[in-house]
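Only one structure is covered here, and it is reproduced in the block below.
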Protein chains: 2
Amino acid sequence: MDLVLLTLRGGRLCVLLIRRDGPPFDAPWALPGGFVDGDEDLDTSASRRLWAETGVTMAGHLEQLRTYGGPHRDPRMPWVSVAYLALLPNLPSPPPGSDGPRARWWPVADLGSADGPMLALDHPRIVADGVERARAKLEYTPLAAAFCEDQFTLADLRRVYEAAWGVALDPPNFRRKVLSTPGFVVPLGQRTSPRGGGRPAELYRRGSATALHPPLLRRSV
Amino acid sequence: MDLVLLTLRGGRLCVLLIRRDGPPFDAPWALPGGFVDGDEDLDTSASRRLWAETGVTMAGHLEQLRTYGGPHRDPRMPWVSVAYLALLPNLPSPPPGSDGPRARWWPVADLGSADGPMLALDHPRIVADGVERARAKLEYTPLAAAFCEDQFTLADLRRVYEAAWGVALDPPNFRRKVLSTPGFVVPLGQRTSPRGGGRPAELYRRGSATALHPPLLRRSV
DNA sequence: CCAAAAGTGTTGTCCATACACCCATGG
DNA sequence: CCATGGGTGTATGGACAACACTTTTGG
């Protein structure tokens, strides 16, 4: 099992990587993961590993990403690996998990570049699939809130989209769009204490919606 | 490995089920599937099994659906199973595959009803996931053409949406929408010979687009 | 008073819908 | 000539992008 843990740090979308030393890893950085116990559900196993890596239990979002397998994978690894994708609010660096000392958050934009980490096995593709899944799900689900704390402002939510998609969104229009979607967010009737000037923002929490109708499309084309 | 093979028969979305007799199947109908060879890729294995069941090679569409596993599955079965989803044009009934005599296309709308088939293990959920995946992918990909023959009319394509979503679409507006999406379909400059009255329709084949911008949304809410 | 951030109003454009209408074929 | 299905034209409404403007805070 491999875990793609995504979060936002400093306005950048980041993935958690673990520094590995020996085989079966042919490159210094790899996704967190491990073996699945025979007596537990796949989702349960992923949830347990997520907790082991980050201490996170309820926050965020966890879903199965895809299963990777075939002769191209390292023969010393399990023949197939089920990858899971987690979207998490900002966490300490390094995260307080079992791999803490060897763990690091890497901006996903740095993965292909020269000063970015070298990823082992087929992990580059797994990360790419996870990032694309996350970007796509922001369009038609309210999962952007999984990147935020329990209470968040609409600016927090907007910055999730801006970091994940690499675009700038118009704050007034974003506000209208989110508030006009039933169940996306729930107002709490409280305001933030402003930080260095500016009007305090209203606080919200996640709503009960599971899909956005109509979606919040990134206008790429 | 389990295969969810979907096709259109008589304006209804149908799934291929195999009649099973003994254990490990606790109900008479099950998805086609089998074991994965250790020396082949997952996608390759799914493609091979698809060919074995239907004789289909290039037509249609095949993608990984999800991996199911956990203690709730039958202990005599493999502990995990990777499910694949295929969208296929209309095929003979029964299909000319290895399980041909025991295979049957069932309308997915009948699955929950009293006169519908009883599905073994966790196959009801797998079928439901596959159907929902197919319905969703019709929105933002040109995969509806995978349900059609090599050459098809816009009415054929429209009937795919109508069958999968259970709605009626306005033919003029559907036509404009499809033709205004670059790469969705390619006109062939030929016309069908009309069948029992009506103007002959123009013929098209699949285009090169992989996504629809903007999507063709079902207005359910 | 000024800067900064949150929030409101307004307008134009695009797109989807609904539906009237025309075209081409079989009976 | 009529029924049937394919295809075109067009008016209306809703959603979104753009941007001017107001509100509320800190300095």
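In what follows, every chain begins at residue 1, and chains take the letters A, B, ... in the order their sequences are listed.
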Does B:R49 count as lying over the ring of B:W51, i.e. NZ or CZ under 6.0 Å from the six-ring centre, within 45 degrees of the axis?
no
For D:dC16 and A:K177 - does any side-chain N or O of the residue sit under 4.0 Å from the phosphate oxygens OP1/OP2?
yes
Residue pair A:S113 / A:D110, side-chain donor-acceptor N/O under 3.5 Å
no
Round to the nearest Å and state the distance from B:L179 atom CG to D:dT8 atom P.
8 Å
Interatomic distance where CD belongs to A:Q190 and C1' belongs to C:dA6 [whole Å]:
17 Å
What pairs with A:P215 under side chain to side chain contact (heavy atoms under 4.5 Å, CB included), at least two apart in sequence or on another chain?
A:Y140, A:L217, B:L217
Rounded to whole Å, the CG-P distance (B:L154 to C:dC23) equals 20 Å
Under a 3.5 Å threshold, yes or no: a donor from one side chain and an acceptor from the other, between A:Y84 and A:D43?
yes
How far does CZ of A:F174 sit from CG of A:L157, to the nearest 0.5 angstrom?
4.0 Å
In whole angstrom, give the distance that lies between atom CG of A:L169 and atom C1' of C:dA6.
16 Å
Could you give the CZ-to-P distance, from B:R158 to C:dA16, as a whole number of Å?
17 Å
In whole Å, what is the span from the CZ atom of B:R175 to the P atom of D:dT10?
16 Å
note: B:L212, atom CG; C:dA16, atom P; distance rounded to Å ~ 11 Å
Let me have a per-nucleotide readout for nucleotides 17-27 of chain D, 5' to 3', with B, S or -, counting only protein heavy atoms under 4.0 Å.
BBB---BBBS-
Does a donor on one side chain sit under 3.5 Å from an acceptor on the other, for A:Y68 and A:D2?
no
Taking OH from A:Y204 and P from C:dA6, how many angstroms apart are they, rounded to a whole number?
11 Å
